[in-house]
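Side-chain atoms are counted along with the backbone in the values below, which use heavy atoms only and exclude waters and symmetry mates. For ligands, and for the atoms within them, numbers begin at 1 and follow the listed sequence.
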Amino acid sequence: MSKGDEDRVVLVSGGSRGLGLSICESLLGRGYRVASFSRSKTDETDLLKKTHGDKYAFFEADMSDKDALQSLALDVEKDFGTVYGLINNAGITNEALLARQDEAAIQAIINVNVMGCIWLSRAVLRGMLRRSEGRIVNISSIVGIRGYKGVAVYSASKGAVDAMTRSLAREVGPRNVTVNSLAPGYMETELVGHLNERQLNSIAKKTPLQRLGRTEDVAGVAAFFLSPDAAFVTGQHLVVDGGLTC
Ligand code: NAP
């Protein structure tokens, strides 16, 4: 970490549990100041607050509410500091065959996974462009590059985020803002709660590294994209799946 990095603020969406929580913990451990949000706080976010004091802030906001995201970005800048890094992590899925999938569920996936990512990036980008520095990391998924039954809409949302990553990287690169996407494979979080033990074991068996991902495996890679070592990396899509899709 270079001098001054410890004062940098990173905003993490969906930081109340799962991967987002691990990313917050990993960044706090590396000395960043972390602002995070989701729809509701958890015991884990309370504990982070207790442990890290004014280096950590948790907000309640809905990723599918454009105005709430705009206010959140302003509140974070005002109360916590200018945002150096944004991790677009909050995401939802709903496993169903498309022909039978509920219309509201389809819309919710697009609202959170795609529109939320667009609105939040837009809200923090203005400050990054003004200051000529910033890092955006979009959490996508291996379903953006490989087909899996029952997740067509979720896959569409992750493919959209990957496509946005590349074009936005070209757009904001001249102002020293990097944009990358990180595609985890299967991790045992609430998001994959619909998969049973047998299905999870079968995925682990098909994975060259013979296990499911841990959120810590992915959090460290997200931290890499924020680090000085990744200063010349932009527009990239990095898969962290133990080799499942290789
Ligand atoms: P998770 O355990 O279900 O956690 C999701 C997080 O997003 C929670 O903090 C949740 O908090 C928040 N969230 C959900 N809807 C929200 C909304 N409308 N507004 C604000 N926050 C919201 O999921 P995860 O596995 O950690 O997934 C994190 C990211 O990794 C997602 O983008 C997911 O697509 C991606 N991913 C996961 C896997 C996997 O195997 N788990 C694989 C590939 C990619 P609240 O419910 O309190 O709002």
Kindly confirm or rule out an N or O of S141 lying under 3.5 angstrom from an N or O of ligand 1.
no

To the nearest 0.1 Å, how far is atom 13 (N) of ligand 1 from its closest protein heavy atom, and which atom is that?
A90 CB, 4.1 Å

T82 vs V9 side-chain heavy atoms within contact, under 4.5 Å:
no

Any N or O of M63 that comes nearer than 3.5 Å to an N or O of ligand 1?
yes

Strictly under 4.0 Å, does any heavy atom of K158 approach an atom of ligand 1?
yes

Which bit of A183 gets closer than 4.0 Å to ligand 1, counting heavy atoms only: side chain, backbone, both or neither?
neither

Taking the basic N atoms (NZ, or NE/NH1/NH2) and the acidic carboxylate oxygens, is any pair closer than 4.0 Å for R17 and E190?
yes

Got a salt bridge between D217 and R211, using NZ or NE/NH1/NH2 to carboxylate O under 4.0 Å?
yes

Within 45° cone and under 6.0 Å: R33 NZ/CZ vs Y56 ring:
no

When you compare ligand 1 with V112, is there at least one nitrogen or oxygen pair between them that comes in under 3.5 angstrom?
no

Are any of the N or O atoms of S38 closer than 3.5 Å to those of ligand 1?
yes

Does any N or O of ligand 1 fall below 3.5 Å from an N or O anywhere on G14, backbone included?
yes

If you define the side chain from C-beta out and look only at heavy atoms, does anything of C246 sit under 4.5 Å from P208?
yes

Does M187 reach ligand 1 with a nitrogen or oxygen that is under 3.5 Å from one of the ligand's nitrogen or oxygen atoms?
yes

4.0 Å heavy-atom contact, G213 with ligand 1
no

Does R39 reach the main-chain N or O of A61 with its side chain, forming a donor-acceptor pair under 3.5 Å?
no

Has ligand 1 got any nitrogen or oxygen that is less than 3.5 angstrom from a nitrogen or oxygen of Y186?
no

Where does I92 meet ligand 1, judged by heavy-atom distances below 4.0 Å: at the side chain, the backbone, both, or neither?
side chain

Identify the closest protein heavy atom to atom 25 (O) of ligand 1: which residue and atom is it, and at what distance?
T189 OG1, 2.4 Å

Looking at ligand 1, is there an atom of it that comes within less than 4.0 Å of some heavy atom belonging to A61?
yes

For G185 and ligand 1, answer yes if some heavy atom of the residue is under 4.0 Å from a ligand atom, otherwise no.
yes

Any idea which protein heavy atom is nearest atom 18 (N) of ligand 1, and the distance to it?
D62 OD1, 2.8 Å

Could you work out, for atom 35 (C) of ligand 1, the closest of V151, I139, I109, L212 by heavy-atom distance?
I139

Between K49 and E44, does at least one N-O distance fall below 4.0 Å, as a salt bridge requires?
no

